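See structure below.
First listed ligand is number 1; within each ligand, the first listed atom is number 1. Every value quoted in this text rests on a predicted model; they were computed, and no experiment measured them.
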Amino acid sequence: MNKNIAVLAGDGIGPEVVDQGLKAVRAIAKKCGHTFHFEEGIMGACAIDQTGNPYPDKTHELCMRSDAVLFGAIGHPRFDHDPTAKVRPEQGLLAMRKKLGLYANIRPISTFSSLLHKSPLKTELVEGADFVVIRELTGGIYFGEPRGRSENGNVAFDSCVYSKEEIIRVTRLAFEYARKRRNKVTAVDKANILATSRLWRETVQALHAAEYSDVELEFLYVDNAAMQIVTWPKRFDVIVTENLFGDILTDEASVITGSMGLLPSASIGVHTSVFEPIHGSYPQAAGKNIANPLGTILSAALMFEYAFGADKEAGLIREACVASMAAGMVTEDISEAGKAHSTSEVGDWIADYILKHYDGCSGGQYRQR
Ligand code: IPM
Ligand code: MN
C-alpha cells in the first residue's frame, strides 16, 4: 500500500510519543513493503505561537488531503492558568474535529495480563475486562450555542444541543461495532434530567427497533455507568454516549487498565480519520523522554485497522506492544520500581520487535516466527 499520513505532534509530550508511533509505522513499512509519505503539520499551543491559530488552514488542508492523521496531544499550562486567554490550544482540537466531521471517537479499553497488578482495581474485577466507548465528538455542550457570559460578566452559560441525525449516525456505528463483538450496547445518558438525553434515548430505541433488534440494548444513567465502570467493568461491551459524558467516562475507564498512557483512540467521520492517544500533553514530562508511548503506538495500530483496512499490520503492532509489556520494557508509569525505560527505548524495542519477529502482512501470510 501507498499512503499519505499527516503527522500532528502538537504540544507537551506529543512530539516524543508521536516519534515512537512513527518508528512502529516505519518498521511495518519496511517489513511489509508498504510506502508511507509523512507530512508534518502544526497544531495547538505551538501553532498559536507561530500563526495565532491553533488549527491553521494549512494544517487542515494537509489533513484533508491525507489518508490518515496521526496526532499527539495539545495543551499548555500557560493557558490552563489563564482562563481569560482568547485563543486556546483546545480550540484547535475542537476545530479539527468539527472541520473533519469526526463525529465518533472510538476508545477501546482492554486490559493487559502483565499489568493487572498496576490497576487500581482488584485483579478479579478487572481481569478480562474488554469494552469500547464510542463517544459522540462533534456535538453536545462542547459546541452548542448560545454560550458565553452575561453583560456584567457574573453569569455564564453553555448549551447542550443534539439533533436526531447526530444521534443516529454515531449510534448506528455502535450497533455495527457490537455485532462484531459481543453484541451488546449500553447507551449512557441522563434522561431523567436532560432534554437532549431524552432525545438520545428515544432515537436509540427507535433505531434499535427498526434495524438492530438482534443486538442487546440497555440504558444506564451516566452516574450509574460511572459507578459500574469501577465496580463491574466486565459487564460492558460497547458503550455509546454523548460528547461530555464520553470525555469523562473514558478518563475513568482508561485508568482501570493500569495507566492512561496505554489507551489509544480513533476519531472517524466524514473526512480523514484521526488517531491519537487519549492522554493529554502531560507538560510536566515534556522533553524528559519518560512518557509512555504505547497509547500512540496502539493508535497507529488503529490507523492500520480503520484507515487502511490492514488488520494484520494492526495485529503486528499490538503483539509488539503486548510483548514489550511482558518483557518489562516499559516506562515509569507502569514499571516496577527502579526498572523504568525511556520513551525512546520502548519505541526502539517495539520497532525492533516488529522487524525481527514477523514476516507477512495484509494480503500475504502472517506467521510468527
Ligand atoms: C480528550 C481531551 C479533549 C476533550 C480536550 C483536550 C479538549 O480531554 O480528547 O478527551 O475534552 O475532548
Ligand atoms: Mn478527555
_Is R135 close enough to touch ligand 1? Criterion: a residue heavy atom under 4.0 Å from a ligand atom._
yes
*Identify the protein heavy atom lying closest to atom 4 (C) of ligand 1, giving its residue, its atom name and the separation to 0.1 Å.*
Y142 OH, 3.4 Å
_Would you say the Mn ion (ligand 2) has D247 as a near neighbour, meaning an N/O/S atom of that residue under 2.8 Å away?_
yes
*Would you confirm whether S324, through its side chain, and I350, through its main-chain N or O, come within 3.5 Å as a donor-acceptor pair?*
no
*asked:* Donor-acceptor check, side chain of K31 to backbone of L355, threshold 3.5 angstrom: yes or no?
replied: yes
*atom 7 (C) of ligand 1 [closest protein heavy-atom partner, distance rounded to 0.1 Å]*: E90 CG, 3.7 Å
*asked:* So does G287 get a backbone contact from the side chain of E16, meaning a donor-acceptor N/O pair under 3.5 Å?
replied: yes
*Taking the side chain from S119 and the backbone from L116, do they hold a donor-acceptor pair closer than 3.5 Å?*
no
*Heavy-atom contact under 4.0 Å between D247 and ligand 1?*
yes
_R107 neighbourhood, listing ligand 1 atoms whose heavy-atom distance to it stays under 4.0 Å_ = 1 (C), 9 (O), 10 (O)
_Check K190 with D223, please: is the shortest side-chain N to carboxylate O separation under 4.0 Å?_
yes
*Near-ring test F308/F275, centroid separation under 6.0 angstrom*: no
*How does R97 reach ligand 1, if at all, at less than 4.0 Å between non-hydrogen atoms: by side chain, backbone, both, or neither?*
side chain
*Using distance alone, decide if ligand 1 has a nitrogen or oxygen within less than 3.5 Å of any nitrogen or oxygen in E276.*
no
